[in-house]
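In what follows, chains are A, B, ... by sequence order, proteins preceding strands, each numbered from 1. Everything numeric in this text was worked out from a predicted model, so none of it was measured. Reckoned from all heavy atoms, side chains included, excluding hydrogens, waters and symmetry mates.
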Protein chains: 2
Amino acid sequence: MRPSPERHGQLLATAAEVFAAEGYDATTVRRIADAAGMLAGSLYYHFDSKEAMLDEILSGFLDELREGYDAVLAAALGPRETLEALVTESFREIDRHRAAVAIYQKESRQLAAQPRFRHLADTQVHFEQAWLGTLERGVADGVFRDDLDIRLTYRFVRDTVWVAASWYRPGGLHRPEEIARQYLSVVLEGIAVPR
Amino acid sequence: MRPSPERHGQLLATAAEVFAAEGYDATTVRRIADAAGMLAGSLYYHFDSKEAMLDEILSGFLDELREGYDAVLAAALGPRETLEALVTESFREIDRHRAAVAIYQKESRQLAAQPRFRHLADTQVHFEQAWLGTLERGVADGVFRDDLDIRLTYRFVRDTVWVAASWYRPGGLHRPEEIARQYLSVVLEGIAVPR
DNA sequence: CTCCTTCCCTAACAAGTGTTTGGTAGATTA
DNA sequence: TAATCTACCAAACACTTGTTAGGGAAGGAG
């Protein structure tokens, strides 16, 4: 009746890996139980439902990301430095919560429509405000170009950051800070040699 | 026994919309039949299986995209112009096959592992070669920066282009050519004002 | 009118789904 | 030693899944 937090976390991590690898809907609880070395029913000693696992996985990541973003904004840096910090923070979160980010990236749109996952939509609005505000401030300050559709730019930045979770492998060739550096270099200066 | 091609295409388009909106695994054939105004079993007069629908939807899009890319490469333009043409062609395909692209973007990774969808992996290699080759040629010619990880840049370009399918709405504010223009402007020159 | 083709419905199938219930081995506590 | 708690198993539950088989209404062709 009172499962240990350690085991709880272990199983949650296992579930996250399977969800990320095979998709939430395509994943059966028996598949998760297999990966954890137990039977399907036994999972219900630790969790209320399959949905509850997903909820906990996403919330764990999103709460931490929100904290990270808020800390960046609280630092009150210039717009360019804020953008750099937001991007770097994002790639760090991808490094720490790769599976959760991959799941979020794939399922958030449909989940946000479900009543149970309404909080995803709220969180998205919060993040959007962080990015859009920074971009607008940058345009106003003259450090970002003013001839771009700012909403389109926001989507470009957001999407490219988060899709990285689909190919990023922790312990791989690139550290998150290095990816952030290269990514920022492209977004800020472009890939063309100035002519 | 010999369904008409028109009805076949209609139903395929309906299925594509539902797949794109709710995800392939989460979509039941009864849901598709509902959207088409018929019963689940009736679909099997037109299609062999749910998988066959998906296969046909993806192949229709991928074949056309492959033709488009090949035509661009055959034109033998400079690297920068080739990149511009590839991006523009991609956004045009998103405009024409929005649903198919959204499905492809979300499911291709897992599908490529299935034997039936092996051809997806082949196609991906083909596309990767088109992009990577263009980037490499550009670096060699001195029109693209040589201080970037070219593979990272490729992923950046690829992901941002295709992820647009998840928010793009045909008939919306932006025409595909306009999106391509703005996108290219960001990728080539960056969002920062040169200092 | 009759035959044939097209397109759909009705009704069911076996397999797989998330979940529940009752039980139990083994450690921990009293 | 006895009682309790933790973490799992065994077996089943109601329901949904993709799919199939047979039938029939509508319309054109002979």
message: Each nucleotide in nucleotides 8-15 of chain D should get exactly one letter: B, S or -. Can you fill that in based on protein heavy atoms under 4.0 Å?
response: SBS-B---
message: Rounding to an integer number of Å, can you tell me how far His8(B) NE2 sits from dT6(C) P?
response: 15 Å
message: What is the distance, to the nearest angstrom, from the CG atom on Leu43(B) to the P atom on dC8(C)?
response: 9 Å
- prompt: Just how far, in rounded Å, is P of dT16(D) from NZ of Lys50(B)?
  reply: 16 Å
query: Residues sharing Leu77(A)'s hydrophobic cluster, by side-chain heavy-atom contacts under 4.5 Å among ILVMFWY, directly or via others?
result: none
message: Tell me whether the side-chain N/O atoms of Tyr44(B) come closer than 4.0 Å to OP1 or OP2 in dT20(D).
response: no
- request: Taking all non-hydrogen atoms of both residues into account, name the closest pair between Tyr183(B) and Val157(B) and its distance.
  value: OH-O, 3.0 Å
Pairs under 3.5 angstrom only: tabulate donor-acceptor contacts from the side chains of residues 97-105 of chain A to other protein residues two or more places apart or in another chain.
residue   : atom : partner   : partner atom : Å
His97(A)  : ND1  : Glu93(A)  : OE1          : 3.3
Arg98(A)  : NH2  : Glu17(A)  : OE1          : 3.0
Tyr104(A) : OH   : Gln124(A) : NE2          : 3.2

query: Expressed in angstrom and rounded to an integer, what is the separation of Ile32(A) atom CD1 from dG18(C) atom P?
result: 8 Å
task: Write down the distance between CG (Asp34(B)) and C1' (dC8(C)), rounded to a whole number of angstrom.
output: 15 Å
task: State whether Trp167(B) and Arg155(A) meet the cation-pi test: NZ (Lys) or CZ (Arg) under 6.0 Å from the six-membered ring centroid, and within 45° of the perpendicular axis.
output: yes
Parallel, tilted or perpendicular: rings of His8(B) and Phe47(B) (30°, 60°): tilted
query: Are Tyr24(A) and Lys106(A) close enough that some pair of their side-chain heavy atoms sits under 4.5 Å apart?
result: no
- request: Please state how far atom CG in Asp25(B) lies from atom P in dG18(D), giving the value in whole angstrom units.
  value: 9 Å
